[in-house]
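What follows is one structure encoded as structure tokens, with my remarks underneath.
Keep in mind that this is a model prediction, so the values were computed, not measured.
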Amino acid sequence: MSRAGGTLRRLAAHEGRWMASLARWVTRRRDGTAPGERALPYAAAQAALVYGLTFVCAVETAGVHVLLGGVPVARTVLLIVDVYTVLMLLGFQAAAVTRPHVLGAEVLRLREGARTEVRIPVERIVSVRYDLRFTKEPAKGRGVPADADGEPGGGGVAELAVGGQTSVTVELAGPVEVVRLLGRCERVRTVRFHADDARGAVAAVRARMRERERTAPGDEVPEEPGRGAVRPG
């Protein structure tokens, strides 16, 4: 498939996800949260901005509909465009509400609405901390593109910001892959994301890390002649 075809396919899939999110939002359902997993919401930071823009678009739609009363074709076309814009804004918020970050037993899934999802194995997390930051312009080392053969070009930083900010930083022992909306692949060793309860999210991830350390099998000391295997501790 050509690059343009792949881009169109990804955009169509994104369109389907936010539309499905609207239905889940109305029925108060979440996507991808299984029993035993913990949802880490992040939508509150952008809610005021999204609802404000939606209100402005709705007022503009009503005003244009009245002003173009004598031009029915233009009024119909603009009405369709404006209604689609309002639905897209609501879908943007619905995707953030119904697709929270999810902390499972083995994987931390970080999501950016319907656009991006990053899967981080818990065993690969070295540290996690509360770290409030406001996003900046892209800089060197922020999201290192993968090589042509899929190998990492280095360890960069991925930001999944909400409302222009991130509040949790996760450092990794090895790189994970981040696939952006238009298909760009990055290999990163640091992921920054936002959570409504950032300190609670940090505590939950640390607890899952400790739990995994306790349940991980210990290394066995090689068996000596005439003696059984000895486990450390």
Response to the item:
On a heavy-atom basis, the closest approach of R38 and A204 is NH1-CB, 3.4 Å
Discussion item. Quick check: closest heavy atoms across R187 and P175, and the distance to 0.1 Å?
Written reply: NH2-CG, 3.8 Å
Item to complete: Please report the shortest heavy-atom distance between I125 and M209, naming the atom on each side.
Response: O-CE, 3.5 Å
Worksheet item: Cluster question for you: counting only ILVMFWY and a side-chain heavy-atom cut-off of under 4.5 Å, with indirect links fine, are L87 and L78 together?
Response: no
Practice prompt. Give, for atom CD of E159 and atom OG1 of T169, the distance between the pair rounded to the nearest 0.5 Å.
Written response: 8.5 Å
Discussion item. Just checking Y130: does its OH atom have more than 12 heavy atoms from other residues, nucleotides or ligands closer to it than 6.0 angstrom?
Written reply: yes
Discussion item. Quick check: do T166 and L160 have side-chain heavy atoms less than 4.5 Å from each other?
Written reply: no
Discussion item. Among D31, L108, T33, which residue satisfies the side-chain contact (heavy atoms from CB on, under 4.5 Å) criterion with V102?
Written reply: T33
Fill in: Cluster check F92, W18: I/L/V/M/F/W/Y, side chain < 4.5 angstrom
no
Practice prompt. Could you grab the distance from atom CZ of R133 to atom OG of S167, nearest 0.5 Å is fine?
Written response: 11.5 Å
Discussion item. With rounding to the nearest 0.5 angstrom, report the CD to CD distance, Q46 to Q93.
Written reply: 4.5 Å
Fill in: Pairwise distance CD1(I120) to CG(L103) - rounded to 0.5 angstrom
10.5 Å
Practice prompt. Please confirm whether the backbone N or O of A173 pairs with a side-chain atom of R189, one donor and one acceptor, at under 3.5 Å?
Written response: yes
Discussion item. Using a 3.5 Å distance criterion without hydrogens, assess whether the side chain of H101 forms a donor-acceptor pair with backbone atoms of H194.
Written reply: yes
Item to complete: Considering non-hydrogen atoms only, spot the tightest contact between R208 and G36 and give its length.
Response: NH2-O, 4.5 Å
Item to complete: Write down the atom of L89, the atom of C57, and the distance for their closest heavy-atom approach.
Response: CD1-SG, 3.8 Å
Practice prompt. Check the hydrophobic clustering (I, L, V, M, F, W, Y; side-chain heavy atoms under 4.5 Å; chains of links allowed) and say if V168 and V126 are grouped together.
Written response: no
Practice prompt. For residues L90 and V86, determine if any side-chain heavy atom of one lies less than 4.5 Å from a side-chain heavy atom of the other.
Written response: yes
Discussion item. What I'd like to find out is whether the side chain of R99 reaches to under 4.5 Å of the side chain of E117, using heavy atoms alone.
Written reply: yes
Discussion item. A quick test of your reading: do over 12 heavy atoms of other residues, nucleotides or ligands sit less than 6.0 Å from CZ of R199?
Written reply: no
Discussion item. How close do V176 and L172 get, counting heavy atoms only, and between which atoms?
Written reply: CG2-CD1, 3.7 Å
Discussion item. Taking P100's backbone N and O only, do any of them form a donor-acceptor pair with R111's side chain (distance below 3.5 Å, no angle check)?
Written reply: yes
Response to the item:
Rounded to the nearest 0.5 Å, the CZ atom of R30 sits from the OG atom of S21 at a distance of 13.0 Å
Item to complete: May I ask you to test the E211-V122 pair for a side-chain heavy-atom distance under 4.5 Å?
Response: no
Worksheet item: With a 4.5 Å heavy-atom cut-off, do R206 and R129 have their side chains touching?
Response: yes
Worksheet entry | Single-linkage hydrophobic cluster, 4.5 Å side-chain cutoff, Y42 and V191 together | no
Worksheet item: Just wondering, do R212 and P121 contact through their side chains at under 4.5 Å, heavy atoms?
Response: no
Worksheet item: Does V128 reach the side chain of V170, with side-chain heavy atoms less than 4.5 Å apart?
Response: yes
Practice prompt. Please test Q165 against L132 for side chain to side chain contact (heavy atoms under 4.5 Å, CB included), starting from the C-alpha separation and ending with a verdict.
Written response: CA-CA 7 Å; Q165 66 181 6; L132 181 61; 3.8 Å; yes
Discussion item. Donor-acceptor pair, distance only, cut-off 3.5 Å: does the side chain of R17 make one with the backbone of A114?
Written reply: yes
Discussion item. Do V97 and F193 land in one hydrophobic cluster if side-chain heavy atoms of ILVMFWY residues count as linked below 4.5 Å?
Written reply: no
Item to complete: Flag the pair L22 / W25 as yes when at least one side-chain heavy-atom distance between them is below 4.5 Å, and no otherwise.
Response: yes
